[in-house]
Amino acid sequence: MWVRRPSATDGLGGPLPRAFYRRHVVRVARALLGRLLVHDAPEGRSVARIVEVEAYRGTRDPASHAWRGETPRTRVMFGPPGRSYVYFTYGMHHCLNLVAEPEGIAAAVLVRAAAPLDGLELMRARRGGVPPDRLMRGPGCVAQALGLTRGHDGLDLVAGPLWISDLPPARGRRRIGVGPRIGIRRAVERPWRFFLVGHPCVSAARTSSNQVI
DNA sequence: GTATCGATTAGC
DNA sequence: CTAATCGATACA
(Lines give C-alpha, C1' and ligand atoms only; values in the text may rest on other atoms or scores of the structure.)
Protein backbone atom coordinates (compact mmCIF):
# COMPACT_ATOMS: atom_id res chain seq x y z
CA MET A 1 0.00 0.00 0.00
CA TRP A 2 1.37 3.36 -1.04
CA VAL A 3 1.73 6.00 1.65
CA ARG A 4 1.87 9.58 0.46
CA ARG A 5 4.98 11.22 1.81
CA PRO A 6 4.30 14.43 3.63
CA SER A 7 6.67 17.29 3.07
CA ALA A 8 7.49 20.48 4.91
CA THR A 9 6.41 22.63 2.00
CA ASP A 10 3.26 20.59 1.51
CA GLY A 11 0.36 23.02 1.33
CA LEU A 12 -1.74 20.82 -0.89
CA GLY A 13 -4.31 19.47 1.53
CA GLY A 14 -5.24 15.83 1.12
CA PRO A 15 -6.84 13.62 -1.52
CA LEU A 16 -10.50 14.10 -2.35
CA PRO A 17 -12.69 11.43 -0.72
CA ARG A 18 -14.20 8.64 -2.76
CA ALA A 19 -17.67 10.16 -2.41
CA PHE A 20 -16.50 13.07 -4.56
CA TYR A 21 -16.30 10.72 -7.54
CA ARG A 22 -19.46 8.74 -6.77
CA ARG A 23 -21.73 11.17 -8.62
CA HIS A 24 -22.93 11.81 -12.14
CA VAL A 25 -19.84 12.07 -14.31
CA VAL A 26 -20.74 15.51 -15.69
CA ARG A 27 -21.01 16.87 -12.18
CA VAL A 28 -17.66 15.31 -11.30
CA ALA A 29 -16.08 16.76 -14.43
CA ARG A 30 -17.20 20.29 -13.57
CA ALA A 31 -16.15 19.90 -9.95
CA LEU A 32 -12.67 18.85 -11.08
CA LEU A 33 -12.05 22.08 -12.98
CA GLY A 34 -9.55 24.26 -11.14
CA ARG A 35 -8.48 21.48 -8.76
CA LEU A 36 -4.91 20.39 -8.24
CA LEU A 37 -3.73 17.15 -9.83
CA VAL A 38 -0.75 15.61 -8.03
CA HIS A 39 1.59 12.81 -9.04
CA ASP A 40 4.05 11.58 -6.44
CA ALA A 41 6.43 9.74 -8.73
CA PRO A 42 9.63 8.07 -7.57
CA GLU A 43 11.54 10.92 -9.25
CA GLY A 44 9.54 13.55 -7.41
CA ARG A 45 6.26 15.38 -7.15
CA SER A 46 4.40 17.11 -9.98
CA VAL A 47 1.43 19.41 -9.39
CA ALA A 48 -0.89 20.97 -11.98
CA ARG A 49 -4.23 22.78 -12.07
CA ILE A 50 -6.89 21.04 -14.15
CA VAL A 51 -8.22 23.47 -16.77
CA GLU A 52 -10.02 21.24 -19.29
CA VAL A 53 -11.95 17.96 -18.98
CA GLU A 54 -14.35 15.73 -20.90
CA ALA A 55 -16.98 13.36 -19.52
CA TYR A 56 -17.70 9.88 -20.90
CA ARG A 57 -20.56 7.74 -19.71
CA GLY A 58 -22.43 4.52 -20.23
CA THR A 59 -22.64 1.72 -22.79
CA ARG A 60 -24.80 3.50 -25.37
CA ASP A 61 -22.61 6.48 -26.25
CA PRO A 62 -20.44 5.35 -29.20
CA ALA A 63 -17.81 7.89 -28.21
CA SER A 64 -17.19 6.06 -24.93
CA HIS A 65 -14.72 3.20 -24.79
CA ALA A 66 -17.29 1.35 -22.70
CA TRP A 67 -20.03 1.48 -25.29
CA ARG A 68 -19.54 -2.17 -26.30
CA GLY A 69 -19.58 -3.29 -22.71
CA GLU A 70 -16.96 -4.46 -20.28
CA THR A 71 -13.63 -5.62 -21.75
CA PRO A 72 -10.19 -6.02 -20.16
CA ARG A 73 -9.32 -2.47 -21.16
CA THR A 74 -12.54 -0.83 -19.98
CA ARG A 75 -13.01 -2.90 -16.83
CA VAL A 76 -11.81 -0.10 -14.57
CA MET A 77 -14.47 2.23 -16.00
CA PHE A 78 -17.14 -0.13 -14.66
CA GLY A 79 -15.43 -0.45 -11.31
CA PRO A 80 -15.60 1.63 -8.16
CA PRO A 81 -15.18 5.42 -8.40
CA GLY A 82 -11.99 7.23 -7.50
CA ARG A 83 -9.55 5.23 -9.59
CA SER A 84 -7.43 6.08 -12.61
CA TYR A 85 -8.16 4.85 -16.11
CA VAL A 86 -5.06 5.24 -18.29
CA TYR A 87 -5.23 4.01 -21.87
CA PHE A 88 -2.77 3.85 -24.74
CA THR A 89 -3.84 5.23 -28.10
CA TYR A 90 -2.53 5.90 -31.61
CA GLY A 91 0.35 3.61 -30.82
CA MET A 92 2.19 6.34 -28.94
CA HIS A 93 0.10 8.39 -26.52
CA HIS A 94 -1.39 7.80 -23.09
CA CYS A 95 -4.45 9.54 -21.70
CA LEU A 96 -5.51 9.99 -18.07
CA ASN A 97 -9.09 9.51 -16.91
CA LEU A 98 -10.63 9.62 -13.46
CA VAL A 99 -13.34 7.02 -12.88
CA ALA A 100 -16.68 8.30 -11.61
CA GLU A 101 -20.15 7.06 -10.61
CA PRO A 102 -21.02 4.00 -8.51
CA GLU A 103 -19.59 0.60 -9.39
CA GLY A 104 -21.45 -0.93 -12.31
CA ILE A 105 -21.90 2.33 -14.22
CA ALA A 106 -19.10 2.95 -16.72
CA ALA A 107 -18.04 6.58 -16.45
CA ALA A 108 -14.81 8.54 -16.46
CA VAL A 109 -13.47 12.06 -16.84
CA LEU A 110 -10.68 12.61 -19.38
CA VAL A 111 -8.15 15.23 -18.26
CA ARG A 112 -7.53 17.20 -21.46
CA ALA A 113 -5.35 20.02 -20.19
CA ALA A 114 -3.71 21.39 -17.06
CA ALA A 115 -1.53 24.24 -15.89
CA PRO A 116 1.83 23.15 -14.42
CA LEU A 117 2.45 24.48 -10.91
CA ASP A 118 5.23 22.38 -9.40
CA GLY A 119 7.75 19.87 -10.69
CA LEU A 120 8.33 21.91 -13.83
CA GLU A 121 11.84 20.54 -14.26
CA LEU A 122 10.53 16.99 -14.06
CA MET A 123 7.90 17.74 -16.65
CA ARG A 124 10.39 19.43 -18.93
CA ALA A 125 12.61 16.37 -18.69
CA ARG A 126 9.69 14.17 -19.73
CA ARG A 127 8.28 16.47 -22.41
CA GLY A 128 11.34 18.18 -23.80
CA GLY A 129 11.94 21.85 -24.37
CA VAL A 130 8.35 23.00 -24.51
CA PRO A 131 7.04 26.36 -23.27
CA PRO A 132 5.33 25.99 -19.84
CA ASP A 133 1.85 26.70 -21.20
CA ARG A 134 2.24 23.88 -23.70
CA LEU A 135 3.56 21.27 -21.28
CA MET A 136 0.09 19.92 -20.48
CA ARG A 137 -2.08 21.22 -23.34
CA GLY A 138 -3.78 18.13 -24.71
CA PRO A 139 -4.56 14.80 -23.04
CA GLY A 140 -1.49 13.04 -24.41
CA CYS A 141 0.69 15.87 -23.15
CA VAL A 142 -0.87 15.73 -19.68
CA ALA A 143 -0.02 12.06 -19.30
CA GLN A 144 3.47 12.51 -20.72
CA ALA A 145 4.26 15.47 -18.47
CA LEU A 146 3.19 13.45 -15.42
CA GLY A 147 5.03 10.33 -16.56
CA LEU A 148 1.87 8.21 -16.73
CA THR A 149 1.66 4.97 -18.70
CA ARG A 150 -0.59 1.91 -18.64
CA GLY A 151 1.24 0.89 -15.49
CA HIS A 152 -0.69 3.68 -13.81
CA ASP A 153 -4.05 2.25 -14.84
CA GLY A 154 -6.43 1.41 -12.02
CA LEU A 155 -4.60 3.33 -9.30
CA ASP A 156 -6.59 4.36 -6.24
CA LEU A 157 -6.90 8.15 -6.28
CA VAL A 158 -7.79 8.29 -2.59
CA ALA A 159 -4.70 6.51 -1.24
CA GLY A 160 -2.08 6.37 -3.94
CA PRO A 161 0.67 8.29 -5.71
CA LEU A 162 -1.82 9.95 -8.07
CA TRP A 163 -4.49 12.12 -6.47
CA ILE A 164 -6.62 15.26 -6.63
CA SER A 165 -6.33 17.75 -3.81
CA ASP A 166 -9.36 18.59 -1.71
CA LEU A 167 -8.37 22.24 -1.65
CA PRO A 168 -11.34 24.04 -3.21
CA PRO A 169 -10.66 25.72 -6.57
CA ALA A 170 -10.63 29.49 -6.67
CA ARG A 171 -14.27 30.49 -6.80
CA GLY A 172 -14.13 34.13 -7.76
CA ARG A 173 -14.21 35.38 -11.32
CA ARG A 174 -14.01 32.07 -13.13
CA ARG A 175 -16.10 31.21 -16.12
CA ILE A 176 -16.65 27.68 -17.28
CA GLY A 177 -16.88 27.06 -21.01
CA VAL A 178 -18.98 24.19 -22.35
CA GLY A 179 -18.81 22.36 -25.63
CA PRO A 180 -18.90 19.04 -27.47
CA ARG A 181 -16.07 16.60 -27.01
CA ILE A 182 -13.01 16.89 -29.23
CA GLY A 183 -11.64 14.17 -31.46
CA ILE A 184 -14.84 12.15 -31.61
CA ARG A 185 -15.96 11.02 -35.06
CA ARG A 186 -19.18 9.39 -34.00
CA ALA A 187 -19.89 12.38 -31.88
CA VAL A 188 -22.82 12.59 -29.60
CA GLU A 189 -23.13 16.35 -29.61
CA ARG A 190 -23.83 17.08 -26.00
CA PRO A 191 -22.11 19.52 -23.69
CA TRP A 192 -19.60 17.14 -22.18
CA ARG A 193 -16.40 19.18 -22.50
CA PHE A 194 -15.66 21.77 -19.84
CA PHE A 195 -12.83 24.27 -19.56
CA LEU A 196 -11.75 27.39 -17.75
CA VAL A 197 -12.49 30.21 -20.16
CA GLY A 198 -9.47 32.15 -21.34
CA HIS A 199 -6.89 30.05 -19.54
CA PRO A 200 -3.71 29.88 -21.63
CA CYS A 201 -3.32 26.15 -21.04
CA VAL A 202 -6.71 25.20 -22.50
CA SER A 203 -6.36 23.46 -25.86
CA ALA A 204 -7.41 25.94 -28.51
CA ALA A 205 -9.38 23.49 -30.63
CA ARG A 206 -12.92 24.56 -31.39
CA THR A 207 -12.93 26.88 -28.42
CA SER A 208 -14.52 29.67 -30.44
CA SER A 209 -17.57 27.55 -31.19
CA ASN A 210 -18.20 26.71 -27.60
CA GLN A 211 -20.67 28.32 -25.33
CA VAL A 212 -19.55 30.14 -22.26
CA ILE A 213 -21.62 29.99 -19.13
C1' DG B 1 -5.01 -14.92 -39.96
C1' DT B 2 -5.76 -9.66 -42.24
C1' DA B 3 -7.88 -4.89 -42.25
C1' DT B 4 -9.24 -0.83 -40.06
C1' DC B 5 -9.45 2.76 -36.76
C1' DG B 6 -8.38 5.43 -32.90
C1' DA B 7 -11.03 10.07 -26.31
C1' DT B 8 -3.49 12.36 -30.38
C1' DT B 9 0.44 14.99 -31.52
C1' DA B 10 4.16 17.36 -34.04
C1' DG B 11 5.52 19.12 -38.16
C1' DC B 12 5.11 20.92 -42.85
C1' DC C 1 -2.83 18.76 -44.31
C1' DT C 2 -0.19 14.11 -42.97
C1' DA C 3 2.96 10.57 -40.68
C1' DA C 4 3.85 8.17 -36.76
C1' DT C 5 2.87 3.53 -34.57
C1' DC C 6 0.45 -0.31 -32.11
C1' DG C 7 -3.50 -2.17 -29.31
C1' DA C 8 -8.31 -3.15 -29.73
C1' DT C 9 -11.70 -4.55 -32.65
C1' DA C 10 -14.20 -6.64 -36.69
C1' DC C 11 -14.37 -10.00 -39.77
C1' DA C 12 -12.83 -14.04 -43.12
Side-chain angles (χ1 to χ4, degrees), chain A residues 21 24-30 32-33 37 48 50-79 81 83-101 105-116 123-155 157 162 164 177-196 200-207 209-210:
Chain A
Y21 302 96
H24 192 283
V25 68
V26 167
R27 198 161 278 283
V28 174
R30 296 190 53 133
L32 282 168
L33 276 183
L37 169 62
I50 297 172
V51 301
E52 182 181 358
V53 293
E54 277 175 6
Y56 291 86
R57 185 177 200 270
T59 53
R60 286 223 268 269
D61 173 5
S64 169
H65 288 168
W67 81 290
R68 292 182 197 278
E70 190 172 329
T71 68
R73 181 176 69 150
T74 61
R75 181 149 301 132
V76 67
M77 282 187 75
F78 289 81
R83 298 172 80 87
S84 64
Y85 166 44
V86 180
Y87 67 89
F88 182 60
T89 191
Y90 287 98
M92 62 191 86
H93 302 296
H94 294 271
C95 295
L96 168 67
N97 294 254
L98 313 173
V99 175
E101 308 222 15
I105 300 177
V109 178
L110 172 69
V111 181
R112 283 201 65 89
M123 298 186 192
R124 259 171 51 85
R126 294 170 177 137
R127 288 266 304 131
V130 179
D133 283 358
R134 312 210 67 180
L135 275 174
M136 309 181 84
R137 196 160 84 182
C141 299
V142 170
Q144 188 182 19
L146 294 175
L148 301 177
T149 68
R150 286 234 57 193
H152 298 82
D153 184 51
L155 292 182
L157 303 174
L162 186 64
I164 314 293
V178 185
R181 290 169 296 200
I182 295 175
I184 309 293
R185 289 174 184 276
R186 290 169 296 191
V188 178
E189 294 292 318
R190 294 176 58 175
W192 278 354
R193 170 177 176 251
F194 305 95
F195 57 97
L196 295 184
C201 296
V202 171
S203 72
R206 291 161 69 173
T207 297
S209 69
N210 288 314

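From a predicted model like this one, the values you see are computed outputs, not experimental measurements. Throughout, protein chains are lettered first and strands after them, A, B, ... in sequence-line order, and every chain is numbered starting at 1.
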Decide side-chain contact (heavy atoms from CB on, under 4.5 Å) for A/Tyr87 and A/Leu110; before the verdict, give the C-alpha distance in whole Å, the side-chain angles of both, and the deciding distance to 0.1 Å. CA-CA 10 Å; A/Tyr87 67 89; A/Leu110 172 69; 4.3 Å; yes
Apply the test side-chain contact (heavy atoms from CB on, under 4.5 Å) to residues A/Trp192 and A/Val26: give CA-CA distance (whole Å), side-chain angles for both, the deciding distance (0.1 Å), then the verdict. CA-CA 7 Å; A/Trp192 278 354; A/Val26 167; 3.3 Å; yes
A/Arg73 vs A/Asp153, side-chain contact (heavy atoms from CB on, under 4.5 Å): CA-CA, chis, key distance, verdict: CA-CA 9 Å; A/Arg73 181 176 69 150; A/Asp153 184 51; over 6 Å; no
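Under the stacking definition used here (centres under 5.5 Å, planes under 30°), the residue A/Tyr56 qualifies as stacked on the base of B/dA7. You cannot call A/Phe88 stacked on the base of C/dG7; the centres under 5.5 Å and planes under 30° rule is not satisfied.
Regarding A/Arg137, its CZ atom lies at a distance of 15 Å from the P atom of B/dT8, rounded to whole Å. Separating the CZ atom of A/Arg150 from the C1' atom of B/dA7 is a distance of 14 Å, rounded to the nearest angstrom. Protein atom CE of A/Met92 is 12 Å distant from nucleotide atom C1' of C/dT2, rounded to whole Å. We find that NE2 of A/His65 is positioned 11 Å from C1' of B/dT8, with the value rounded to whole Å.
Across B/dT8, B/dA7, B/dA10, the shortest atom-to-atom separation from the side chain of A/Leu110 is found for B/dA7. Side-chain proximity of A/Thr71 to the nucleotides C/dC6, B/dT9, C/dT9 is greatest for C/dT9. With C/dA10, B/dG6, B/dA7 as the choices, the nucleotide that has an atom nearest any side-chain atom of A/Ile184 turns out to be B/dA7. The nucleotide whose nearest atom lies closest to any side-chain atom of A/Tyr90 is, among B/dT8, C/dA4, C/dA8, B/dT8. Of the candidate nucleotides C/dT5, B/dT9, C/dA10, C/dA10 has the atom lying nearest to any side-chain atom of A/Arg68. When distances run from any side-chain atom of A/His93 to the nucleotides B/dA7, B/dT9, C/dA8, the shortest one goes to B/dT9. Among the nucleotides B/dT8, C/dA8, B/dA10, the one closest to any side-chain atom of A/Thr89 is B/dT8.
Remark: the A/Arg127 side chain and the A/Gln144 side chain contain an N/O donor-acceptor pair separated by less than 3.5 Å.
When both pairing distances are held under 3.5 Å, C/dT5 makes no Watson-Crick or G-U pair with any nucleotide shown.
Note that A/Arg181 lies in the cation-pi zone of A/Tyr56, set by a 6.0 Å cut-off to the ring centre and a 45° limit from the axis.
Note on A/Arg134: nothing from the nucleic acid sits closer than 4.0 angstrom, heavy atoms only.
Between A/Arg127 and B/dA10 there is a side-chain polar atom (N or O) within less than 4.0 angstrom of OP1 or OP2.
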